[in-house]
2 protein chains.
Amino acid sequence: MSLRYALLALLTAEPLTGYDAAKRFGGSVGHVWHAPDSQIYPELRRMEREGLVEGEQVRWGPNSTKTRYSITEAGIRAFRDWMATPLDYAPVRDAVHMRAAYFEWADPDSARECLRRHIDHYTDQIAQWTAVRDAILDLSNDTIATRVRKYPAEDHERIIAFKAFAYDGLIGRGEAEITWARQGLDLLDKLSSV
Amino acid sequence: MSLRYALLALLTAEPLTGYDAAKRFGGSVGHVWHAPDSQIYPELRRMEREGLVEGEQVRWGPNSTKTRYSITEAGIRAFRDWMATPLDYAPVRDAVHMRAAYFEWADPDSARECLRRHIDHYTDQIAQWTAVRDAILDLSNDTIATRVRKYPAEDHERIIAFKAFAYDGLIGRGEAEITWARQGLDLLDKLSSV
DNA sequence: GCTGAATATCTATCTACATAGATATTTGGT
DNA sequence: ACCAAATATCTATGTAGATAGATATTCAGC
């Protein structure tokens, strides 16, 4: 169901085609909510049926058109309603931590590999998240620049601050993951040195 | 697919009925991998067909039996193989961070509520995780006590250390979430005081 | 002996999501 | 004029998981 709200969130900045939206899910929103295009197109159609968005045919080259969706008043209301609704927490499914709990069944090299990959993964992610956050803060991020242009100047600070805040959360969590994995590597060293 | 390995992990400690396993998914493994019983029973049957576990009928009262599953050699091999296989990282789907990124659409009270619930949720979880970790470390946790009894004394330290390590990871991450949410509350205060 | 909780299992339906295409048009560069 | 890449969309199939039961037996306590 959150895909729907991710789409509405995108559309509060500007009208988009399904293709545009799908691209955003590779970057911006994609950092917090992933979705493949095969989920996006049908969801937009459903949302149109329910009046949350409005599709309009726009020219695309000389012989073709594409559908550009805009958020409707009802869509904005639905988004705000969602914002006021408590989230429920999805049950945990965490393969790395599960595996780590049973590392006595792995040979130490595999265990180390697993943790090193964990560190690499989050190092990588943190680099991306940090880059995006910084680009948001100095408005060199296009998506956010476009968004901000749509709203009065007195809102800009909040808009930017919340986006940066979300990224800070991802970064903080990533750092916790790395710290943990390093502790694991130390633990493996300690246990194998006996 | 990880459900399968969670089950194998459980069965390396002792044979279990589907019902026993389902209960474990409410506690121990459930902290890292959740699954409802409606997934567990069929998965165990599938695993039996594939020779990873072996079901035996054991008496249950005077007029009934139940199926108790034990891990087979093939099951142990499959589990070890999985341990040596790199995990791939599931795409992110994080409703709270997504919502936080668009807090300009929430009224400040709802935003605060959302973050307070986040703090409550993880405070709660951390209390549980900490209790389990401590019970693991002093062997007052039954599941781990049973497990440890099955293996030679020189392995006990590792077995316990890895379980505690996994819980430390959950706790660390939970603390990061709380830190972040508190920052959010501060940010909301700052922005509303303007 | 009765009753309610726990044990043990199975089913059925629905949605979300992953994966892997197919198809057609447009645009930018040689 | 041609070709590759990008744009724009749609479909189909499969699995995982959420949700909500149905059913029968056993066990513990009164």
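Here is the naming used below: chain letters follow the sequence lines, and residue numbers restart at 1 for every chain. All heavy atoms count here, side chains included; hydrogens, waters and symmetry mates do not.
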Kindly confirm or rule out a cation-pi arrangement of K163(A) over Y102(B), judged by NZ or CZ under 6.0 Å from the six-membered ring centre and within 45° of its axis?
->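 So K163(A) does make the cation-pi contact.
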In whole Å, I'd like the distance from the [atom1] atom of [X] to the [atom2] atom of [N].
| X | N | atom1 | atom2 | result |
| --- | --- | --- | --- | --- |
| W60(A) | dG28(C) | CH2 | P | 12 Å |
| R93(B) | dT15(C) | CZ | C1' | 13 Å |
| H34(A) | dA18(C) | NE2 | C1' | 9 Å |
| D88(B) | dA18(C) | CG | P | 12 Å |
| I40(B) | dT11(C) | CD1 | P | 16 Å |
| Q57(A) | dT25(C) | CD | P | 15 Å |
| L44(A) | dT11(D) | CG | C1' | 16 Å |
| W33(B) | dA18(D) | CH2 | P | 10 Å |

Side chain S38(A) and base dT19(C) donor-acceptor under 3.5 Å |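 Result: at least one qualifying N/O pair found.
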Which comes earlier along DNA chain C counting from the 5' end, the contact point of P62(A) or that of E43(A), where each point is its nearest nucleotide?
->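 Per heavy-atom nearest nucleotide, the more 5' residue is E43(A).
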L3(A) or Y41(B), whichever maps to the more 5' nucleotide of DNA chain C |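 It is Y41(B) whose nearest nucleotide is closer to the 5' end.
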Categorize [X] for me: base, sugar-phosphate, or nothing, with a 4.0 angstrom heavy-atom threshold over every strand shown.
| X | value |
| --- | --- |
| R45(A) | sugar-phosphate |
| P42(B) | nothing |
| P91(B) | sugar-phosphate |
| D37(A) | base |

Please determine if a side-chain N or O atom of [X] lies less than 4.0 Å away from the OP1 or OP2 oxygen of [N].
| X | N | result |
| --- | --- | --- |
| T67(B) | dT9(C) | yes |
| Y19(B) | dT7(C) | yes |
| Q39(A) | dC17(C) | yes |
| R4(B) | dT15(D) | no |
| R68(B) | dT9(C) | no |

Taking for each residue the nucleotide of DNA chain D bearing the nearest heavy atom, is the 5' side occupied by R46(B) or by N63(B)?
->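 The residue closer to the strand's 5' end, by nearest nucleotide, is R46(B).
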T72(A) side chain vs G51(A) backbone, donor-acceptor pair below 3.5 Å |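 At least one qualifying donor-acceptor pair exists.
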Looking at I71(B) and L11(B), what are the two nearest heavy atoms and their distance?
->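 Scanning both residues, the minimum pair turns out to be CG2-O, 3.6 Å.
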Check K150(A) against A13(A) and note the closest heavy-atom contact, atom names and distance.
->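 Between these two residues, the closest heavy atoms are CD-O, 3.0 Å.
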Closest to side chain of K66(A), choosing from dA18(C), dT19(D), dT9(D) =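 Looking only at heavy atoms from C-beta outward on K66(A), the closest nucleotide is dT9(D).
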For the residue pair W180(B) and F165(A), categorise the inter-ring angle as parallel (less than 30°), tilted (30 to 60°) or perpendicular (more than 60°).
->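 The rings of W180(B) and F165(A) lie parallel, inter-plane angle below 30°.
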L185(A) CG to H118(A) NE2 distance, which is reported to the nearest 0.5 Å |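 Reported to 0.5 Å precision, the distance equals 10.5 Å.
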